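Counting from 1, the numbers follow the sequence of the chain as shown. Note that this is a predicted model, so its numbers are computed, not measured.
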Amino acid sequence: MTSATITILVISAFLIANIVVIKIFHKKQDSLEEYAVGGRSFPWVLSLFGFLGAYYVGSIYTGFFATSATQGVFAQYLAVYSVASVLTLYIMARPVWIWGKNHNLETNFDLVTLRYNSHKLGMFIGVTSFLFWTPWLIVEMQTLGYIVSAVTYGAVPFRLGLIIISSIVIVYVSIGGMRAGAIGDLFQGIVFTVVGTGTVIYLITKVYGGISPMFEQVARNNPDLLIINQDVGVLTWTSAIVAASFGAMMYPGIFNRIYMAESVKAMKKTVIVAPLVGSVLILFIMWLGLGASFQAGFPQDPQSGIFWISDKFGGPFVVGLMGVFALAACMSTLSAITTTAAVIIGKNLVGFGFNWDREKMLINSNCSCPKTLTQIYN
């Protein structure tokens, strides 16, 4: 059995299991509230993984890993701002959830319109946040194709991998809305946080002999990787953390995640635990990448570095697992962006000024879901 066949089987098993889990917990989307925010009924554990899925992206395994390998600890700003964002999200959780429950809010457009009593301002926020969010959607789709191609040793072309995985996400979020996305996030989140963290720790031990030996190796070979050097600057690093921490308040998918919790208490648990869990995973991935460039044969394209390490020190099965972890993170983010964008388009943009009922908005949102990804891809 070839290496590519093994990795394809591992990825296929993950995709089939993902579809089965979503199918088992599927619920008919009979209202806009159910489609957009899962009926505001999710316990904190489900909200936790929904939050993780919306917040942490597949490029952690590609672009951020590469940044850690080439620029060192600078890449760890991702873990720092994830923890710092807890404060802003914790403050937001109570008023946003209560207003959402009392006034049928489902998007950041709705919140701004209510808070400032201005449809024009709500429209501005809805449109601009969607436009600024779109590049990230494109990046995640590109990452899907890159991951599938890299993990299958080129057996599955970039474009084909992108189309297959994106199509799966389109189908289940179009049919199942936010609930399907959240159930998928739960399965995917467990895979890339729990199993993924264990696998990364295994690789750190296999490659370096542990975390301490890894830092010792970096200190010997290139100590500049352990500091924020002058080429980057402490102010640049600090500003990235501050901007990203407050940026959490404008992330459209986060509002849906707040609205879908069953209570304020459930949401507050989520916004405290999720960044801490995510930061642990991020740090291990960054540490695996920190000394990667010193390994003989490290690829010229550092974005494929984590798959190269997995292959060299774990074989094709571990490569397949690493591909699954990266795909799980990508798919979770993609489903969050797609569903949120579909609701913004179907409810706030297409329906703006027409006074359509919520049943019509549900139909618009459902139709907008596949169109959103298709148009952006084209």
Side-chain angles (χ1 to χ4, degrees), residues 2-15 18 53-71 75 78 133-170 184 188 191-192 196 199-200 203 281-282 285-286 288-289 292-293 295 297-338 372-378:
T2 66
S3 297
T5 302
I6 293 173
T7 59
I8 290 172
L9 288 175
V10 172
I11 292 174
S12 298
F14 162 72
L15 294 175
N18 193 73
Y55 207 72
Y56 297 101
V57 296
S59 56
I60 293 172
Y61 295 87
T62 55
F64 280 100
F65 179 91
T67 302
S68 184
T70 57
Q71 298 187 32
L78 178 61
W133 209 19
T134 299
W136 200 253
L137 176 58
I138 296 172
V139 168
E140 284 301 286
M141 293 178 71
Q142 295 285 328
T143 304
L144 282 175
Y146 182 86
I147 290 169
V148 173
S149 179
V151 170
T152 60
Y153 303 90
V156 179
F158 171 91
R159 185 178 293 269
L160 180 60
L162 186 158
I163 292 173
I164 291 173
I165 308 299
S166 297
S167 297
I168 291 173
V169 176
I170 289 173
Q188 295 152 12
V191 168
F192 81 79
T199 304
V200 172
L203 286 174
L281 169 64
I282 290 167
I285 294 174
M286 296 302 100
L288 177 61
S293 62
Q295 304 304 310
F298 186 76
Q300 290 186 338
D301 178 11
Q303 290 192 98
S304 64
I306 198 166
F307 306 120
W308 175 83
I309 282 181
S310 300
D311 186 35
K312 183 175 181 179
F313 295 94
F317 180 73
V318 177
V319 175
L321 284 180
M322 196 60 69
V324 163
F325 306 146
L327 287 176
C330 273
M331 291 171 68
S332 296
T333 305
L334 194 61
S335 67
I337 295 176
T338 306
T372 300
L373 277 184
T374 303
Q375 290 174 356
I376 288 174
Y377 173 71
N378 292 334

| query | Run the side chain to side chain contact (heavy atoms under 4.5 Å, CB included) check on Ser3 and Ile6 step by step: do they pass? | reply | CA-CA 5 Å; Ser3 297; Ile6 293 173; 5.6 Å; no
| task | Could you go through the side chain to side chain contact (heavy atoms under 4.5 Å, CB included) check for Phe325 and Thr199 one step at a time? | result | CA-CA 10 Å; Phe325 306 146; Thr199 304; 3.4 Å; yes
| When you look at Met322 and Ile309, which way does the side chain to side chain contact (heavy atoms under 4.5 Å, CB included) test go after all the steps? | CA-CA 10 Å; Met322 196 60 69; Ile309 282 181; over 6 Å; no
| Hey, mind stepping through Leu78 and Phe64 against side chain to side chain contact (heavy atoms under 4.5 Å, CB included) and telling me if it holds? | CA-CA 9 Å; Leu78 178 61; Phe64 280 100; 4.0 Å; yes
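Taken to the nearest 0.5 Å, the CZ atom of Phe158 stands 10.5 Å off from the CD1 atom of Ile147. For the atom pair CD (Glu140) and OG (Ser332), the distance works out to 9.5 Å, reported to the nearest 0.5 Å. The distance from atom CE of Met331 to atom CD1 of Ile165, rounded to the nearest 0.5 Å, is 6.0 Å. In this structure, Ile11 CD1 and Ile164 CD1 are separated by 10.0 Å, a value rounded to the nearest 0.5 Å. Residue Ser68 holds its OG atom at 11.5 Å from CD1 of Ile282, rounded to the nearest 0.5 Å.
The two residues Ser310 and Leu203 have their closest heavy-atom pair at OG-CD1, 3.6 Å. Contact record, Leu144 with Ser166: CD1-OG, 3.6 Å, taken as the closest heavy-atom pair. Minimum heavy-atom separation, Phe307 to Val319: O-CG2, 3.7 Å. Considering every non-hydrogen atom in both Cys330 and Thr143, the closest pair reads SG-CG2, 3.6 Å. Here the closest non-hydrogen pair linking Gly289 and Phe65 is CA-CE1, 3.2 Å. The heavy-atom pair separating Ser304 from Pro299 by the smallest distance is OG-CG, 3.6 Å.
Partner of Arg159 under the side-chain contact (heavy atoms from CB on, under 4.5 Å) criterion, out of Leu162, Ile163, Val156: Ile163 alone. Val10 pairs in a side-chain contact (heavy atoms from CB on, under 4.5 Å) with only one of the listed residues (Val324, Val318, Leu15), which is Val324.
With sequence neighbours excluded, the residues satisfying side chain to side chain donor-acceptor pair (under 3.5 Å) with Thr2 are Thr5.
In this structure, the side chain of Thr338 engages the main chain of Leu334 through a donor-acceptor pair within 3.5 Å. Looking at Thr7, its side chain does come within 3.5 Å of a backbone N or O of Val151 through a donor-acceptor pair.
At most 12 non-hydrogen atoms from other residues, nucleotides or ligands lie less than 6.0 angstrom from CZ of Phe317.
Classification of the Phe298-Trp308 ring pair by plane angle, with boundaries at 30° and 60°, yields perpendicular.
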